[in-house]
Amino acid sequence: MFRLNHWLSAKHDEAARELALLAESGRLLASVFGLLDRTSLAGVSTLQINDMVERFIVHDLQARPASKGQYGYGFVLNSSVNDVVCHGIPSQSDVLRDGDIVNFDITLEKDGYIADSSKTYLVGEVAPAARRLVQTTYEAMWMGIRAVRPGARLGDIGWAIERHAKRNGYSVVHDYCGHGIGREMHEQPQVLHFGKPGTGLVLREGMVFTIEPMLNRGRRTVRTEADGWTVVTRDGSLSAQFEHTVAVTASGVSVLTLRPDEPAALKNAA
């Protein structure tokens, strides 16, 4: 687990420097989503989106797409459309259509530090039921973020997310979770999107991790397709996801990957 709190007591200046580097990676990644926000998605293949994002990260931002080559994965993002829960593989034949929902999960490394974020997009005119799922998933992520503060526990995050999902008639995928992040993509702790308040690891100032709930319209069960990557809902229902990288601060939480479409007031969410 990436723990700045260890250095805050002994090496305060070094801790501040590393947190600033993480924040810069987060800021650059947020600008990638700014690019996607300006892109008309209907009629575009997910591979075209992948290639556009790679050019932007490498040439415009002078950074590294951290997912490419990770665990043998050959692309810079995951593109998860409709009933795909996560890890969808970009493809030239996978063309986005009016009415689709698609999650783009993207990572970026700059100066040795990695940020991770995802957003579900509405393509054209989307059915009200799909729009409501996406909105509720976004709200659930923020419910989890707002539970972050020193002295809180990981179970508080999961409980806040699952409570909001269930109140709105959705299920939370249990098979995948958030994670610590810093110099490595996946570090401890695992951040579950379900749980009981007052349980789990105690949060401390300087911890950095992702919160990335996946909500399904149907049952929470999933299956992995033959490609070994693509995870879909077992019942074929729609799924949505949002993700931010956050840091525990002395007063609460700072969202390191806050996107251009999100009010700056949300950066310090507690």
Side-chain angles (χ1 to χ4, degrees), residues 26-70 72-109 115-138 141 176 212 214-217 222 224-233 236-244 257-262:
R27 185 188 69 82
L28 293 176
L29 181 53
S31 74
V32 178
F33 287 95
L35 172 67
L36 289 172
D37 292 345
R38 300 188 297 272
T39 301
S40 178
L41 298 177
V44 180
S45 76
T46 54
L47 184 60
Q48 287 176 294
I49 297 294
N50 176 86
D51 293 347
M52 177 186 71
V53 167
E54 181 168 18
R55 288 192 298 270
F56 186 69
I57 291 175
V58 173
H59 297 294
D60 293 71
L61 303 181
Q62 298 292 298
R64 181 179 72 87
S67 295
K68 190 172 185 179
Q70 181 87 357
Y73 190 70
F75 303 90
V76 305
L77 56 78
N78 294 127
S79 54
S80 302
V81 184
N82 295 331
D83 66 333
V84 179
V85 176
C86 60
H87 303 162
I89 301 175
S91 169
Q92 189 61 43
S93 62
D94 192 8
V95 177
L96 297 173
R97 305 295 186 189
D98 191 71
D100 286 340
I101 63 172
V102 56
N103 177 269
F104 294 117
D105 190 345
I106 308 171
T107 60
L108 180 149
E109 180 265 319
D116 190 356
S117 187
S118 83
K119 177 179 177 178
T120 297
Y121 286 84
L122 308 175
V123 182
E125 293 296 321
V126 174
R131 185 180 296 272
R132 181 173 176 269
L133 169 67
V134 171
Q135 179 61 32
T136 303
T137 306
Y138 182 67
M141 176 191 66
Y176 301 92
E212 47 184 294
M214 306 165 197
L215 270 58
N216 296 346
R217 281 198 69 201
V222 301
T224 303
E225 296 194 329
D227 60 22
W229 286 100
T230 307
V231 177
V232 299
T233 56
S237 62
L238 288 178
S239 185
Q241 181 188 18
F242 284 88
E243 175 184 11
H244 271 312
T257 48
L258 194 75
R259 296 183 287 266
D261 63 322
E262 298 173 304

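Every heavy atom of this structure was used, including side-chain atoms; hydrogens, water molecules and symmetry mates were not. Here, residue 1 is the first one in the sequence, and each next residue gets the next number.
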message: Any side-chain to backbone donor/acceptor pair from S91 onto S93? Under 3.5 Å, distance only.
response: yes

Backbone of R132 reached by a side-chain donor or acceptor of Q135 within 3.5 Å: no

field: Side-chain donor-acceptor pair present, Y138, Q241, cut-off under 3.5 Å
entry: no

message: Can you confirm whether the side chains of D105 and S118 place a donor and an acceptor under 3.5 Å from each other?
response: no

- prompt: Would K119 and D261 pass as an ion pair if we require N to O under 4.0 Å?
  reply: yes

Option among L108, T257, T107 that satisfies the side chain to side chain contact (heavy atoms under 4.5 Å, CB included) test with D116: T107

- prompt: Hey, are the side chains of E212 and H244 touching, using non-hydrogen atoms and a 4.5 Å cut-off?
  reply: no

message: Once side chain to side chain contact (heavy atoms under 4.5 Å, CB included) is applied, do any residues pair with V85, and if so which ones, sequence neighbours excluded?
response: V173, M214, N216, V222, V231, T233, S239

Within-4.5 Å side-chain heavy-atom neighbours: T230 and N78: no

- request: Walk me through it: do L36 and F104 pass the test side-chain contact (heavy atoms from CB on, under 4.5 Å)?
  value: CA-CA 9 Å; L36 289 172; F104 294 117; 4.0 Å; yes

Heavy-atom pair with the smallest gap, counting every atom of G88 and S80: N-OG, 3.3 Å

message: Looking at every non-hydrogen atom in both residues, tell me the closest pair between P260 and A30 and how far apart they are.
response: CD-O, 3.2 Å

- request: For the residue pair V123 and D98, establish whether any side-chain heavy-atom pair is separated by less than 4.5 Å.
  value: no

- prompt: Any side-chain heavy-atom pair from I57 and R64 closer than 4.5 angstrom?
  reply: no

query: Side chains of D60 and R55: does their closest heavy-atom pair fall under 4.5 Å?
result: no

field: Separation between NE2 of H87 and CG of D227, rounded to the nearest 0.5 Å
entry: 11.5 Å

message: Nearest 0.5 Å, please: how far is CD1 in I49 from CD in E54?
response: 13.5 Å

query: Considering all heavy atoms of both residues, which atom of V44 and which atom of S40 are nearest to each other, and what is their separation?
result: CG2-O, 3.4 Å

query: Roughly how far, to the nearest 0.5 Å, is the CD1 atom of I89 from the CD atom of E225?
result: 9.0 Å

side-chain hydrogen bond (donor to acceptor under 3.5 Å, both in side chains) evaluation trace for D100 with Y121: CA-CA 8 Å; D100 286 340; Y121 286 84; over 6 Å; no

- line: Between T46 and P90 the two heavy atoms that sit nearest each other are OG1-CA, 3.4 Å

All ring pair (Phe, Tyr, Trp, His ring centres under 6.0 Å) counterparts of F75, not counting sequence neighbours: Y73

Side-chain (T224) to main-chain (W229) donor-acceptor, under 3.5 angstrom: no

Any T120 side-chain heavy atom under 4.5 Å of T137 side chain: no

- line: Value for CD (Q48) from OG (S45), rounded to nearest 0.5 Å, stands at 3.5 Å

- prompt: To the nearest 0.5 Å, what is the distance between CG (L238) and CG (D83)?
  reply: 7.5 Å

message: Contact between E262 and F33 at the side-chain level, heavy atoms closer than 4.5 Å - yes or no?
response: no

message: Test side-chain contact (heavy atoms from CB on, under 4.5 Å) on L215 and T136; report intermediate values, then the result.
response: CA-CA 8 Å; L215 270 58; T136 303; 4.2 Å; yes

task: Measure the spacing between OG of S237 and CG of L133 and express it to the nearest 0.5 Å.
output: 8.5 Å

field: Test item: S31 side-chain N/O and L28 main-chain N/O as donor-acceptor pair under 3.5 Å
entry: yes

message: Quick check against the 3.5 Å criterion: does N103 have a side-chain atom that pairs as donor or acceptor with the backbone of V81?
response: no

- request: Please tell me if the side chains of I106 and V76 come closer than 4.5 Å, counting only heavy atoms from C-beta onward.
  value: no

- line: In short, S117 meets E243 closest at the heavy-atom pair OG-O, 2.8 Å

